Amino acid sequence: MKFSLLLFLALATLSSAMPTPTTKDIKVFLCSDSTAAGYGPQTTGVQGFGYYLYPFFTSTFVNSAKGGRSTRSFINEGLWAQLLDQTSPGDYVVIEMGHNDPGTPGTGGDVGVDRAVLSGVGEETVLVRNSTGQDEVVRTFGSYLRQMVADSRVVGAVPVLSGMVPLMEWTDYDTTLQKTWEFTEYSRDVSKTENVLFLDHTAYSVARFQELGYTEAMKLFPNDNIHTNSLGAEINAESFVTSLLCSKGPDATDFKGTLNEEAARIGYDCLDAEYR
Ligand SMILES: *[C@@H]1O[C@H](CO)[C@@H](O)[C@H](O)[C@H]1NC(C)=O
């Protein structure tokens with residue numbers, strides 16, 4: 001018994017110079033905005049979906065989402081560097097951005113001046129004067145996402161791109177929830193060119209809110225058409241996990257391995273390929 005254990009340990013040491021991290025050692029980071037950020041108990045009743053993701057992972061989930069941030073301001077404020085500092089090789093970095101990126105760079109008053117990026121995934125830039133009075137070269141959404149993908153890979157982490165959760169934009173006399181979102185499509189485009197796993201969180205959330213219908217869905221948005229209450233956040237957390245369970249592509253199998261049996265219990269069907 002003792003001998004075989006020693007032999008096993010010796011063989012295990014020989015077979016790999018570096019210890020392989022177990023699923024439990026692996027961390028899953030979420031880089032996102034107010035739709036995902038965790039809020040404490042408060043009177044407005046708003047909650048982000050990251051708050052409800054912890055129970056679905058065997059791995060350690062880290063919610064790095066911060067309200068009001070775009071790809072550009074998440075990087076400029078040092079939040080991105082902080083996230084990367086906490087990673088170890090083999091960790092996952094999920095990047096779900098897009099709610100604060102639209103707009104005209106350099107405009108938008110106190111809130112907007114430092115966060116808007118150029119639309120699209122190209123290499124074009126614009127020079128703006130930002131709120132600290134400095135000249136700043138602002139790039140496209142795709143360009144910031146490519147930077148985040150490359151930075152993640154430099155530290156040995158696995159980047160994952162995720163489509164943003166939908167705004168409650170209903171048409172056809174409030175019967176149809178908008179399915180396609182520009183910044184989700186840019187993210188999907190970058191996932192293809194950079195060979196990154198894409199989670200169609202957008203489509204899986206749209207499906208859940210569409211199934212509820214306008215009246216019930218709107219009860220989950222107490223303040224505006226973007227921010228959910230706790231119940232809405234739970235739905236967006238479940239749709240995130242469903243989008244991962246249903247995902248296909250680079251790193252999909254390994255990333256699914258970070259989930260636990262609670263995730264399998266959510267039980268929503270995968271969508272047809274229409275949005276993937
Ligand atoms: C303004 O631009 C400079 C130069 O690009 C940058 O270092 C700084 O972080 C920006 N300030 C803000 C508040 O984003």
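Read the numbers this way: they start at 1 and go in the same order the structure lists the ligands and their atoms. Given the structure is predicted, the values throughout are model-derived calculations rather than measurements.
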Query raised in the report: Side-chain donor-acceptor pair under 3.5 Å between T258 and S59, yes or no?
Result: no
Query raised in the report: Just by distance, with hydrogens left out, do T71 and D101 show a side-chain donor and acceptor under 3.5 Å apart?
Result: yes
Query raised in the report: Is D254 reaching over with its side chain to a backbone N or O of D251, donor-acceptor style, under 3.5 angstrom?
Result: no
Requested in this report: Using modelled atom types only, decide if a donor and an acceptor are shared between the side chain of T228 and the backbone of Q47 within a distance under 3.5 Å.
Outcome: yes
Query raised in the report: Less than 4.0 Å between a side-chain N and a carboxylate O, is that true for R146 and E123?
Result: yes
**Report entry** Pocket residues of ligand 1, ordered first by chain and then by residue number (heavy-atom cut-off under 4.0 Å)
**Finding:** N76, D114, N130, S131, T132, Q134, D135, E136
Report task. Would you please indicate if the ring centroids of F183 and Y186 are separated by under 6.0 Å? Result -> yes
